[in-house]
Number of protein chains: 2
Amino acid sequence: MTATFERPPTATEAVITELRRLLVTGDLAPGSPVRQEALAERLGVSRVPLREALKVLEGEGQVQYHRHRGYVVSELSVDDLVEVYRMRELLEAEAIRVAVPRLTDADIVAISSASRDVDDAGQRGDLAGMTTANRDFHFLLFDAAAMPRLSRMLRGLWDATDVYRSVYFAGSDNRACVMHEHAALLDALESRDVRRAIAAQAEHRNHSVAAVTTALTSR
Amino acid sequence: MTATFERPPTATEAVITELRRLLVTGDLAPGSPVRQEALAERLGVSRVPLREALKVLEGEGQVQYHRHRGYVVSELSVDDLVEVYRMRELLEAEAIRVAVPRLTDADIVAISSASRDVDDAGQRGDLAGMTTANRDFHFLLFDAAAMPRLSRMLRGLWDATDVYRSVYFAGSDNRACVMHEHAALLDALESRDVRRAIAAQAEHRNHSVAAVTTALTSR
DNA sequence: CTGGTGGATATTGGATCCAATCTGCTATGG
DNA sequence: CCATAGCAGATTGGATCCAATATCCACCAG
């Protein structure tokens, strides 16, 4: 048995994780400056690991950096949003194209299990759980393409809109729609139908971009 | 006149720039570990800005990080190379699709000027100059798409293979080929022909992937 | 009232120091 | 001879302290 120990991560890693959480919960709101001293104290670390973590998030576009002025939580413009979704369209299609012919039965089982997790979280009205389960569902598929760079880029693109996407799951009709679309995608995967899978993913994504756009413009 | 002052950058920024240079020159060779103490001293800074710089390069995939074991300069596997070029294919096509209809005459002038710079550097046998001029040439086009995220990702993909690509310019027949292909691309741009531009870029890229692959496998 | 100047304060940038962890060698027992 | 425990040195991780820079506001000249 390969005991996968829960190694105590470094402070930097812990801070990265925690900052991501603060970003999706909106605890660090878009546009707000990052005060290092206060934030470091709040997280129980010094500013050094915090600054390393911020450099990572800067690379992902989650925060922006200005010399001697520090970091600001990124705001998503509509242009930026359009760009993110266009790139997702191109890259997700590629991921699916490569992944579907490689899908093992075990992959399908895992993906459908993740789909059930989304549904369960939806039933419970657990928005956070739904968000992570939804992400797992999609990235189980993307990762099956065995293209690590592609997966990483896609994760970055998803991260960029995570803050805004959570509102999507808030509407119960949206939730129903999601489950339906996941079922359609899963069906396409089971029959190893690349074209249908890409189409299903595209439709799914288009619904989400619409929701995020309204969330973004009506602020 | 907008006096663009040469502001003294922060140590972290300077280190990032210098590390990039060390990476493309092979001074930091793929696979070699990064000894922070020695490197920091060599650059005349403390380890703090060096570590921040390394986190940035880690995000770009230029170095890899292992907890408590530090950073190692990334090695490009053939799989990785294939992935990089496949993603370039998808994203560069998109960039050109969007950019070409938006190209102003001034853009064309700038691009053709950059093309001349590549030629000049080629005549002089200035490999480093050719590399940067070549990069400028292509990114003038890509940036014209006005999709900053896309540009950034493309830059990352180019960076990942820069070390290996320099060998491409070493061969004088390759250099002639590059100039020829640049002319073809430029011609397509001048007639605002998206399809031909994408094709020219694709052929250009395919030549380079072939060269980089041999450089990678024959080591 | 406007524009600019100077300085006090807040904030970030970076160096140094110490703690935590890893690595490699050596000794010791089987 | 091999395996393992443990120690010493090397290396990274993180906290603290001081320097450099930006921001803000009071003040003054025009």
Side-chain angles (χ1 to χ4, degrees), chain A residues 2-20 22-23 27-75, chain B residues 2-20 22-23 27-75:
Chain A
T2 57
T4 168
F5 280 113
E6 197 61 43
R7 293 267 340 226
T10 63
T12 300
E13 287 172 90
V15 168
I16 292 173
T17 306
E18 182 62 6
L19 286 185
R20 276 195 224 286
L22 294 177
L23 285 167
D27 220 324
L28 285 174
S32 63
V34 176
R35 295 279 160 253
Q36 298 177 6
E37 185 73 51
L39 186 53
E41 187 175 14
R42 177 173 164 192
L43 300 179
V45 297
S46 80
R47 282 175 47 221
V48 174
L50 172 59
R51 275 160 56 181
E52 288 193 13
L54 285 168
K55 272 277 174 281
V56 172
L57 295 178
E58 185 200 358
E60 297 172 357
Q62 301 270 56
V63 299
Q64 286 177 312
Y65 170 73
H66 300 281
R67 261 206 296 251
H68 296 287
R69 258 177 285 175
Y71 296 86
V72 178
V73 180
S74 294
E75 285 186 281
Chain B
T2 56
T4 167
F5 281 113
E6 196 62 41
R7 295 265 345 220
T10 62
T12 301
E13 288 171 89
V15 169
I16 292 173
T17 306
E18 182 62 8
L19 287 185
R20 279 196 224 284
L22 294 178
L23 285 168
D27 220 327
L28 285 174
S32 63
V34 176
R35 294 279 161 258
Q36 298 177 6
E37 185 73 51
L39 186 53
E41 186 175 13
R42 178 173 163 190
L43 300 179
V45 297
S46 78
R47 282 175 48 220
V48 173
L50 172 60
R51 275 160 56 182
E52 288 193 13
L54 285 168
K55 272 277 175 283
V56 172
L57 295 177
E58 186 201 356
E60 297 172 357
Q62 303 269 60
V63 298
Q64 286 177 311
Y65 171 72
H66 300 281
R67 260 207 295 252
H68 295 286
R69 257 176 283 175
Y71 296 86
V72 178
V73 180
S74 293
E75 284 185 280

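To find a chain, count down the sequence lines: A is the first, B the second, and so on, and within it residues start at 1. Only this structure's heavy atoms are used, side chains among them; waters, hydrogens and symmetry mates stay out. This structure is a prediction, so every number in the text was calculated from the model and none was measured.
The separation between A:Glu13 atom CD and C:dT21 atom P is 13 Å, rounded to whole Å. With rounding to whole Å, B:Glu41 atom CD is found 13 Å from D:dT11 atom P. Taking atom NE2 of residue B:His66 and atom P of nucleotide C:dT23, one finds them 11 Å apart after rounding to whole Å. A straight line from NE2 of B:His68 to P of C:dG24 spans 17 Å, rounded to a whole angstrom. Rounded to an integer number of Å, the gap from CD of B:Glu37 to P of C:dA15 is 12 Å. Summarising the geometry, the separation between CD on A:Glu58 and P on C:dT12 is reported as 14 Å, rounded to the nearest angstrom. We find that CD of B:Gln36 is positioned 15 Å from P of C:dT16, with the value rounded to whole Å. Note: CZ (A:Arg47) to P (D:dA19) measures 15 Å, nearest angstrom.
For B:Pro49, counting side-chain heavy atoms from C-beta on, the closest listed nucleotide (D:dG14, D:dT12, C:dG14) is C:dG14. Comparing atom distances between the B:Thr10 side chain and each of D:dG13, C:dA15, C:dG13 picks out C:dG13 as nearest. Side chain of B:Ser46, nearest nucleotide from C:dG13, C:dA15, C:dT21: C:dA15. Of the listed nucleotides (D:dG14, C:dT21, C:dG14), D:dG14 has the atom at the smallest distance from the side chain of A:Thr12.
Residue B:Val34 is classed as a sugar-phosphate contact, given heavy-atom separations below 4.0 Å to backbone atoms only. Residue contacts shown for B:Arg35 are limited to sugar-phosphate atoms, with no base heavy atom under 4.0 Å away.
In this structure, the separation between CZ on A:Arg35 and CZ on A:Arg47 is 11.5 Å, given to the nearest 0.5 Å.
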Apply the test side-chain contact (heavy atoms from CB on, under 4.5 Å) to residues A:Leu57 and A:Arg20: give CA-CA distance (whole Å), side-chain angles for both, the deciding distance (0.1 Å), then the verdict. CA-CA 8 Å; A:Leu57 295 178; A:Arg20 276 195 224 286; 3.8 Å; yes
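For the side chain to side chain donor-acceptor pair (under 3.5 Å) test with A:Tyr71, the passing option among A:Gln62, A:His66, A:Lys55 is A:Lys55; the others fail.
The nearest pair of heavy atoms linking B:Ala11 to B:Val45 is CB-CG1, 4.0 Å. Residue A:Pro30 comes nearest to A:Glu75 through the heavy atom pair C-CG, 3.6 Å, listed as atom of the first residue, atom of the second, then distance.
The side chain of A:Arg69 places an N or O atom within less than 4.0 Å of a non-bridging phosphate oxygen (OP1 or OP2) of D:dT23. Checking the phosphate oxygens (OP1, OP2) of C:dG13, a side-chain nitrogen or oxygen of A:Tyr65 falls inside 4.0 Å.
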